[in-house]
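Reviewing the structure listed below.
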Amino acid sequence: MRILQEINTEIMEDRFRSLTIFEFQSRFPDDDACFKYLTELKWGTGFCCPQCGHTNYCKGKRKHDRQCTSCHRISSPTSGTLFHKVKFSMLKAFYIVYYVSTNAKGISSTELSRKLGLRQKTCWLFKMKVMKAMKSSGNFKIEGNTEVDETVVGGQEEGVIGRKNDKKKLVVFAIERKGKGVSRMYGKVIKHSSAKELGDFMKSAIELTANVKTDQWAGYKSLSNDFENLIQVPSGKKGNNFPDLHRAIMLFKGWLRGIHHNVEYLQSYIDEYCYRFNRSNMKEGIFENLMKRMVTNLPFSYKQIIA
Ligand SMILES: [Zn+2]
């Protein structure tokens, strides 16, 4: 029995172990190792020409490129992925994915710039691509005990008096409660707390059969037609009807102030935060998971980022 317990403890510890910087460095000593890894991720199950669908290839001019033997189109391990047209070393790009995925709180572009010797703007742009890969796939909806509420994020800076306050954004959050805590969390920036906008978010993040709790806001009322187990509870003083949800929101806001300092790209920040939060119990695979998403997400240009 004791032996079994010890083994169990070991497995648990292993499960919560994140990829250490030492392991990362020995796995990825140089650009070549990064390209090999990308090649395996992209073509590990076989090559397929993006132009004609042919599956035979020969070597391209550059080391890791592959050329279709039918239409002669050349593909690189980065083409068609979020690593497309990265203008700095692939190793540094890998470091950014590593830091963003394994740091419990993420990392600011200023700190990345200091660590990697790249311009802050360069780090910021690439990090926006990483954050795109962190956007929820919508494949894992919340199923259990769910709480939903809206909150205002951003707003007037302290000490700045009289400036027009146009930086506030409305966000709707949903959490899943498990045991004594919050096991999952999703959020979306919305324009109005209308039934339409609240409903669109809830249907994308929550299973229709989940036990959903909201406050008594009219916008949620008609949603009980879709969510069969939705109940509306009266708001307590200072929102103490949903203590877990409000604590989760407060932690998010604290993180946002510390890392991003603004709400301009708030949806990306929410996606980044929720991605890490929802995977905090499976740290070991988080880097690999994010790399896979980087390779399967289509390229994302500077114009699309600032749009
Ligand atoms: Zn081809």
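As the structure lists them, so they are numbered: ligands from 1, and atoms in each ligand from 1. Computation of the quantities below employed the complete heavy-atom set of this structure, encompassing side-chain atoms and omitting hydrogens, waters and symmetry-equivalent molecules.
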* Around atom CZ of R27, are there more than 12 heavy atoms of other residues, nucleotides or ligands at under 6.0 Å? -> yes
* Asked: Just by distance, do the side chain of Q120 and the backbone of S113 share a donor-acceptor pair under 3.5 Å?
  -> no
* Residues, nucleotides or ligands: over 12 heavy atoms within 6.0 Å of K135 NZ -> no
* To do: Report the hydrophobic cluster partners of F47, with the cluster defined as I, L, V, M, F, W, Y residues connected by side-chain heavy atoms closer than 4.5 angstrom, directly or transitively.
  => W43, Y57
* Asked: Can a salt bridge be assigned to the pair R177 and E147 using a cut-off of 4.0 Å between side-chain N and carboxylate O?
  -> yes
* Asked: With a 4.0 Å cut-off, would you call E272 and R276 a salt bridge?
  -> yes
* What protein N/O/S atoms sit under 2.8 Å from the Zn ion (ligand 1), by chain and number? -> C49 SG, C52 SG, C68 SG, C71 SG
